[in-house]
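Everything below concerns the one structure shown next.
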Amino acid sequence: MAEAIVRTRFAPSPTGIMHIGNLRSALYEYLIARVAGGHFILRIEDTDRERLVEGAVEAIYKTLRTCGIHHDEGPDIGGPSAPYVQSERLPIYRRYANDLVKQGDAYPCFCSIERLASLHEEQSGDDFIGYDRHCREIDPAEAAARIEKGEQYVIRQKMPLLGETSFSDAVYGTITVDNKTLEDQVLIKSDGYPTYNFANVVDDHLMGITHVVRGSEYLSSTPKYNLLYETFGWEIPVYVHLPLIVGEDGRKLSKRHGATSFDELIEAGYLPEAIINMIAFLGWSPGNTTRENFTLEELESAFTISGISKAPAVFSYKKLDWMNEQYIKNMPEDTWIAMVKEKADTLFKDQPYDAAMLARVLKERTTRLSDIPDTIAFMVETPTYARDLFKLKRAKLNAEKAADILAALIPDMEALQSWDEASIHDLLEQTIATQNRKKGEIMGAVRLALSGRTVTPGGAIELAVILGRDVSLSHMKNALDFLNETDVTSE
RNA sequence: GGCCCGAUGGUCAAGCGGUCAAGACACCGCCCUUUCACGGCGGAAUCACGGGUUCGAUUCCCGUUCGGGUCACCA
């Protein structure tokens with residue numbers, strides 16, 4: 001028999017933000033399908049009506065789209081297993097639940113929330129075995145009558161009391177548990193909606209999901225799902241449980257660790273490509289190479305289930321920084337210039353500037369997009385100076401020399417035919433030769449005059465080009481005035 | 001607490017009975033250099049512990065410890 005085509009699904013609940021862990025699940029699910037030439041399905045699990053968040057589904061679409069994780073079937077594009085929204089599939093779950101009740105593998109439970117709550121209190125920690133199966137042996141006829149009368153009820157799965165259940169996971173291997181540790185979990189809630197525990201199994205089967213990929217927090221409830229597959233007589237999928245993503249302190253990644261959602265990461269100035277690359281390597285490695293920079297497209301052929309590790313992975317923002325820098329450095333010129341302009345335009349306003357040169361100097365020095373405004377803020381300010389600013393030890397520059405250099409240089413620069421990199425470069429090199437100066441002296445004096453800063457993105461020539469002739473000359477004159485006005489002899 | 005899972009430098013990790021235990025991030029030096037970066041070179045740093053199995057264990061088995069997950073009419 002030929003291998004069935006691989007089908008995976010991303011099944012988020014629309015409860016708000018796209019957490020990094022969710023995104024990684026989506027990514028792995030997508031990759032496992034793509035690598036095998038299979039299909040990736042998007043399914044919305046909105047069975048918890050109290051946690052629904054307005055606009056959450058749109059946010060999910062948007063995130064997947066900007067990451068390049070495209071689904072083959074889903075609520076927005078349809079497909080052979082439609083509908084792909086669980087709230088639109090209620091009759092289906094009901095039918096299967098009823099089947100289970102009929103075969104004696106599930107039963108209606110009339111216990112009140114209050115009773116269940118007191119149950120939990122009594123079983124103070126020690127040997128809590130969950131629901132006490134109070135309604136398990138109610139006579140079916142009686143149960144039917146009570147339902148008929150309109151009594152509230154849920155449907156619970158009847159777990160085997162003896163024996164053990166084991167299943168095989170592609171990452172964690174064979175896992176076996178005693179059936180007596182399994183609770184008679186709720187399949188259908190009293191509001192008629194299915195629980196995740198039931199809906200995921202029914203849908204995964206009906207939608208032909210071959211690889212169930214999800215976080216390892218589902219590992220301990222998987223035996224119960226497995227039992228469901230068995231009682232239905234359905235083929236058991238390949239389980240692929242993913243190690244957790246944790247914060248620096250080893251605990252489940254949460255708010256206090258920093259940005260934890262895709263949106264927050266974007267907001268913080270990271271590129272979608274870098275984020276994807278980063279999370280791809282959180283809990284997975286290619287094994288046969290030491291390469292770490294993979295685009296989504298490359299991952300689509302390189303990804304392997306066997307490369308997934310079992311141990312939880314700490315999310316490192318430092319590594320993300322580095323990853324982001326890599327993507328910025330490798331970005332096509334035009335794309336990068338556009339991104340820089342987006343940040344710079346609002347800052348420069350009417351002041352002209354050379355965006356191409358600005359982008360060039362920023363390319364090797366930008367970690368996060370959001371850092372750009374701060375690093376270039378000085379470019380739209382009129383520099384203020386201090387004599388000490390012009391003291392450069394290595395270049396043997398001091399305020400006095402700087403004054404001489406600027407005084408000699410300004411007329412030449414004013415006379416410059418064309419204000420471009422090559423011309424300015426040539427002029428400065430000439431000056432170095434003519435005045436018999438060190439390169440660092442000339443370059444330093446100019447750079448300091450132009451910026452008023454000891455640290456600048458780009459050197460003298462780049463700054464001059466970015467700022468343009470008028471602003472550059474104006475700053476240099478200001479600097480010269482300052483140097484002349486302050487007391488030289490006191491030095 | 002019961003059950004389940006995990007454990008290689010600070011972090012991500014390769015390894016899958018015999019290695020001087022890869023690589024990357026971060027860190028520390030040095031070099032390059034018109035500043036800062038970038039880049040290059042080098043450095044420090046790891047098999048949690050105790051028993052087995054074996055000629056030989058990071059690797060296989062069992063404990064211990066530590067960490068995590070899970071015990072809902074949430075997913």
Side-chain angles (χ1 to χ4, degrees), chain A residues 11-13 15 45-48 50-51 109 111 113 116-117 120 124-131 152-156 169 171-173 175-178 180-183 185-191 193-197 199-200 214-223 241 243-244 246 248 250-252 278 281-293 307 309-316 318-323 325 329 361-366 375 392 394-395 397 428 432 438-448 451 453-463:
Chain A
S13 57
T15 53
E45 309 218 325
D46 58 346
T47 56
D48 185 348
E50 290 178 7
R51 295 206 309 165
C109 166
C111 292
I113 301 280
L116 296 176
H120 283 246
S124 58
D126 271 32
D127 45 19
F128 177 66
I129 42 90
Y131 177 57
Q152 287 275 302
Y153 69 101
V154 301
I155 292 179
R156 287 184 184 273
D169 183 88
V171 174
Y172 291 92
I175 292 172
T176 304
V177 299
D178 269 331
K180 62 177 179 237
T181 66
L182 269 22
E183 185 181 16
Q185 65 176 349
V186 173
L187 266 21
I188 302 285
K189 301 183 248 186
S190 59
D191 64 1
Y193 280 71
T195 58
Y196 165 85
N197 302 136
N200 94 84
R214 51 157 80 115
S216 64
E217 65 266 31
Y218 290 98
L219 218 40
S220 54
S221 39
T222 298
H241 284 94
L244 238 50
V246 297
E248 311 275 358
R251 294 184 184 283
K252 208 167 170 177
M278 176 70 195
F281 275 73
L282 262 189
W284 174 80
S285 81
N288 54 358
T289 174
T290 57
R291 238 183 94 199
E292 287 192 284
N293 287 112
S309 61
K310 301 181 178 74
V314 175
F315 186 87
S316 165
K318 280 278 175 58
K319 184 97 180 218
L320 214 212
D321 282 346
W322 172 79
M323 201 64 95
E325 289 165 358
K329 262 176 239 164
V361 300
L362 250 24
K363 205 166 188 195
E364 300 292 304
R365 309 164 218 256
T366 303
T375 69
L392 290 184
R394 199 165 79 197
L397 181 72
L428 293 178
I432 291 164
K438 296 186 64 164
K439 194 172 191 175
E441 288 178 284
I442 302 286
M443 298 296 186
V446 174
R447 188 176 65 80
L448 264 8
S451 65
R453 310 240 164 170
T454 52
V455 175
T456 56
I461 300 167
E462 286 90 351
L463 285 180

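Just so it is clear, the model here is predicted, and its values are computed rather than measured. Labels below follow one simple rule: chain letters A, B, ... track the order of the sequence lines, proteins then strands, and each chain is numbered from 1.
Evaluation of atom-type donor-acceptor distances gives no pair under 3.5 Å for the side chain of A:T181 against the base of B:C3.
Nucleotides B:C36 and B:C16 place their P atoms 44 Å apart, quoted to the nearest Å. Taking the P atoms as reference points, B:G51 lies 29 Å from B:G15, given to the whole Å. When the P atom is compared between B:C12 and B:G69, the two are found 15 Å apart, to the nearest whole Å. Annotation: B:C47 and B:C60 have their C1' atoms spaced 15 Å apart (nearest Å). With both ends at atom P, the span from B:G6 to B:A14 equals 15 Å, rounded to whole Å. Of the P atoms belonging to B:G39 and B:A24, the separation is 12 Å, rounded to the nearest Å. The separation of B:C55 from B:C3, taken at their P atoms, amounts to 36 Å, rounded to a whole angstrom. Between B:G40 and B:U58, the two P atoms lie 35 Å apart (nearest whole Å).
Base pairing analysis places B:U35 opposite nothing; no Watson-Crick or G-U wobble pair with both distances below 3.5 Å involves it. If you check B:A48 for Watson-Crick or wobble pairing at under 3.5 angstrom, you find it paired to B:U64. For B:C20, there is no paired base (Watson-Crick or G-U wobble, both distances below 3.5 Å). Both distances falling under 3.5 Å, in either a Watson-Crick or a G-U wobble arrangement, place B:G1 opposite B:C71.
Residues A:S190 and A:V154 come closest through the heavy atom pair N-CG1, 3.6 Å. Here the closest heavy-atom approach between residue A:G458 and residue A:V361 is recorded as CA-CG1, 3.8 Å. Closest of all the heavy-atom pairs between A:G283 and A:P243 is CA-CG, 4.2 Å. Closest of all the heavy-atom pairs between A:Y131 and A:C109 is OH-SG, 3.1 Å. A pairwise comparison of heavy atoms in A:G444 and A:L392 identifies CA-CD1, 3.9 Å as the closest pair. Contact between A:P457 and A:L463 at its shortest, heavy atoms only, is O-CD2, 3.7 Å.
To the nearest angstrom, C1' of B:C5 lies 10 Å from NZ of A:K310. Regarding A:Y196, its OH atom lies at a distance of 11 Å from the C1' atom of B:C74, rounded to whole Å. The distance between atom CZ of A:R214 and atom C1' of B:U70, rounded to the nearest whole Å, is 13 Å. With rounding to whole Å, A:L116 atom CG is found 15 Å from B:C74 atom C1'. Straight-line distance from the CZ atom of A:F281 to the P atom of B:U11: 19 Å, rounded to whole Å. One interatomic measurement links the two molecules: CD of A:Q185 to P of B:A75, which rounds to 11 Å at whole-angstrom precision.
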Using a cutoff of under 3.5 Å, can you pull out all pairs of nitrogen or oxygen atoms linking the protein to nucleotides 59-69 of chain B, with atom names and distances?
from: B:G68; atom 1: OP1; to: A:R251; atom 2: NH1; distance (Å): 3.0

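Residues meeting the side chain to side chain donor-acceptor pair (under 3.5 Å) test with A:T195, sequence neighbours left out: none. Contacts of A:T456 classified as side chain to side chain donor-acceptor pair (under 3.5 Å), with partners at least two apart in sequence or in another chain: A:R447. Residues that satisfy the side chain to side chain donor-acceptor pair (under 3.5 Å) test with A:K438, not counting sequence neighbours, are absent from this structure. Every side chain to side chain donor-acceptor pair (under 3.5 Å) that A:K363 has, sequence neighbours left out, goes to A:E333.
At a threshold of 4.0 angstrom between heavy atoms, the contacts of A:K438 with the nucleic acid are absent. When heavy atoms are screened at a 4.0 angstrom cut-off, A:S451 is found touching no nucleic acid atom at all. Counting any heavy atom pair closer than 4.0 Å across all strands shown, A:V177 reaches sugar-phosphate atoms only and no base atom. Within the 4.0 angstrom heavy-atom criterion, only backbone atoms of the sugar-phosphate kind lie near A:T47; the bases stay farther away. Across all strands shown, A:I113 has heavy atoms under 4.0 Å from base atoms, whether or not it also approaches the sugar-phosphate. Residue A:I442 is out of contact with every strand shown, counting any heavy-atom pair closer than 4.0 Å. Within the nucleic acid shown, A:N197 comes within 4.0 Å of at least one base atom, counting heavy atoms only. Using a 4.0 Å heavy-atom distance criterion, A:S190 is classed as a base contact.
Listed nucleotides: B:A7, B:A75, B:C38. Nearest to the side chain of A:E364: B:C38. Checked against B:A13, B:U11, B:G6, the side chain of A:A311 finds its nearest nucleotide in B:G6. Among the nucleotides B:C71, B:A14, B:A75, the one closest to any side-chain atom of A:E183 is B:C71.
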For this session: Report the C-alpha distance between A:R251 and A:V246 in whole Å, list the side-chain angles of each, state the deciding distance to 0.1 Å, and finish with yes or no for side chain to side chain contact (heavy atoms under 4.5 Å, CB included).
Result: CA-CA 5 Å; A:R251 294 184 184 283; A:V246 297; 5.8 Å; no
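We find the CZ-NE2 distance between A:R214 and A:H241 to be 4.0 Å, quoted to the nearest 0.5 Å.
Taking 4.0 angstrom as the limit, A:H241 places none of its side-chain polar atoms (N or O) nearer than this to OP1 or OP2 of B:C5. When the side-chain nitrogen and oxygen atoms of A:R51 are compared with OP1 and OP2 of B:A75, none of them lie within a distance under 4.0 Å.
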Exercise. When you check every protein heavy atom under 4.0 Å of nucleotides 19-35 of chain B, what one-letter string (B, S, -) results, 5' to 3'?
Worked result: ---BBBSS------BBB
